[in-house]
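Bear in mind that the values here come from a model prediction, so they are computed numbers and not experimental data. For the numbers below, each heavy atom of this structure counts, side chains included, while hydrogens, waters and symmetry mates do not.
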Amino acid sequence: MNARDWLIQLYPRAWRERYGEEFDALLEECLHSPLDALDIFLGALDAHLEFPFEMNWRLMNMVNKLRTSILIVFAAYIGFIVGGMSFYGLVDDSPMADLMKARADMPLFAAWTAVEVGAVIALLSVVIGGLPLAWTVIRRALTSSREDLRWLLVPVFAFLALVLYVMFMASIGLGRLQIPGVVPVVSHDNFPLGNRLLIGGFMLVFILGAIVSTVAVWKIISNTNMPESTFKILGREKSVKLYEYAFIPAVVATLAMLLMLIATIIWGWLAYSAMPQVFAEHWGLLLTSTTSSFITTVAIMLASTAVAFFGVARGYLARKMA
Amino acid sequence: MNLADFGRFSDPALLILSSLADGPKHGYGMMTDIETMTGVRLGPGTLYGALARLEGSGLIKAMAAQDRRRPYQLTAKGAAALREQLTILQKLASTGLKRLAAL
């Protein structure tokens with residue numbers, strides 16, 4: 001810790017969260033003498049003692065907590081998508097897919113539809129809530145912050161890596177590329193180790209991409225100390241309180257996750273009642289046990305939903321305390 | 001909003017408002033502008049003590065940060081407060097000078 005860091009640490013945490021970065025940039029240029037250090041010491045003392053500004057800092061604290069809460073819900077949503085994809089993979093490859101396509105079992109079909117409806121609501125909520133925030137972050141990164149621009153490239157590269165991997169898989173599937181031990185078309189009875197590794201590789205690229213992208217978005221938004229942003233809509237300027245605006249869609253996304261979780265559990269129970277033998281077999285991801293694959297999926301969804309609810313509760317308390 | 005409510009930060013606050021009347025500036029920009037304008041060098045702790053009060057009172061507004069430096073701009077409320085304060089100072093200066101001339 002250098003002298004600058006030490007001096008900044010003298011200020012209250014809420015003050016540092018709001019002014020710390022810019023104050024550090026100022027000190028880089030103007031911290032010349034012990035008199036400056038004394039002035040900072042007195043400024044820090046004033047910041048600790050000045051009660052009339054407590055409300056203002058409480059408001060800033062609310063904004064910071066709300067921002068973290070929204071990021072928690074966003075990260076939980078990404079986790080839920082991983083669970084959702086695993087669920088889709090489980091159903092898509094198994095004999096249960098035919099049962100649902102034929103709509104032979106209406107309750108099972110209704111539960112599946114509820115999961116799909118929840119997925120659409122959650123996606124729309126994340127898009128609606130995240131759009132002004134994403135636009136602000138991109139605008140800021142392109143105009144002023146090179147560091148943010150670097151972080152912004154992470155999801156782009158993660159997506160490109162996924163696209164390249166899908167193209168690689170498609171080349172094998174179409175027979176344009178031949179790899180020993182990998183067959184172009186697989187079935188339940190013919191699923192060689194090479195193909196399992198290939199699909200495992202896809203899952204790895206997807207999950208790693210999701211993790212690094214989430215970390216990058218978290219980092220960028222944490223850097224964006226902008227509670228408000230102005231947008232030009234149809235020629236008129238509109239100011240949006242970004243985090244307060246995004247909180248409502250975050251709540252809706254969390255409720256949609258709960259809906260999907262409940263619908264998935266009901267679906268599992270109905271599917272088990274209709275086709276118990278399928279759960280005794282290996283229709284899970286990479287031909288693992290159906291039961292353990294389904295339980296893992298539900299566990300991921302449950303953990304993600306719990307994290308999202310934690311984020312929402314944190315945001316709600318922050319708004320209430322402000 | 002009366003700048004006198006800022007206590008020992010009322011003078012630095014007036015200097016900051018006067019500096020921002022010329023356009024948005026970040027901390028170091030204000031510091032050098034004030035020094036050029038008045039010969040007074042505000043310490044970093046004093047500058048940000050006044051800045052936090054001005055922002056908290058809605059007299060100035062933070063803009064998007066540029067490479068860790070955050071510019072601030074005067075709000076309409078801040079411009080009104082500055083005008084009011086400078087008018088008082090102008091009257092004071094004019095009265096004081098008249099009285100001095102009569103000596």
**Report entry** Side chain, backbone, both or neither of A:F41 within contact of chain B (heavy atoms, under 4.5 Å)
**Finding:** neither
Report task. Indicate the atoms forming the closest heavy-atom contact of B:A52 with A:Y19, along with that distance. Result -> CA-OH, 3.3 Å
Query raised in the report: Do NZ/NE/NH1/NH2 and the carboxylate oxygens of B:R69 and A:E28 come within less than 4.0 Å?
Result: no
Query raised in the report: Does the pair A:E21/B:R70 count as a salt bridge with the N-to-O cut at 4.0 Å?
Result: no
Report task. Would you mind checking which part of A:L27 comes under 4.5 Å of any heavy atom in chain B, side chain (CB onward), backbone (N, CA, C, O), both or neither? Result -> side chain
Query raised in the report: Do A:L26 and B:L47 come close enough that some side-chain heavy atom pair is under 4.5 Å?
Result: yes
Query raised in the report: Should the heavy atoms of other residues, nucleotides or ligands under 6.0 Å from CZ of B:R83 be counted, would the total exceed 12?
Result: no
Query raised in the report: Can you tell me if CZ on A:F310 sees more than 12 non-hydrogen neighbours from other groups inside 6.0 Å?
Result: no
**Report entry** Members of residues 21-46 of chain B whose heavy atoms come closer than 4.5 Å to chain A
**Finding:** B:G27, B:Y28, B:M31, B:R41, B:G43, B:P44, B:G45, B:T46
Report task. Enter the distance from B:Y48:OH to A:I40:CD1 here, rounded to the nearest 0.5 Å. Result -> 11.5 Å
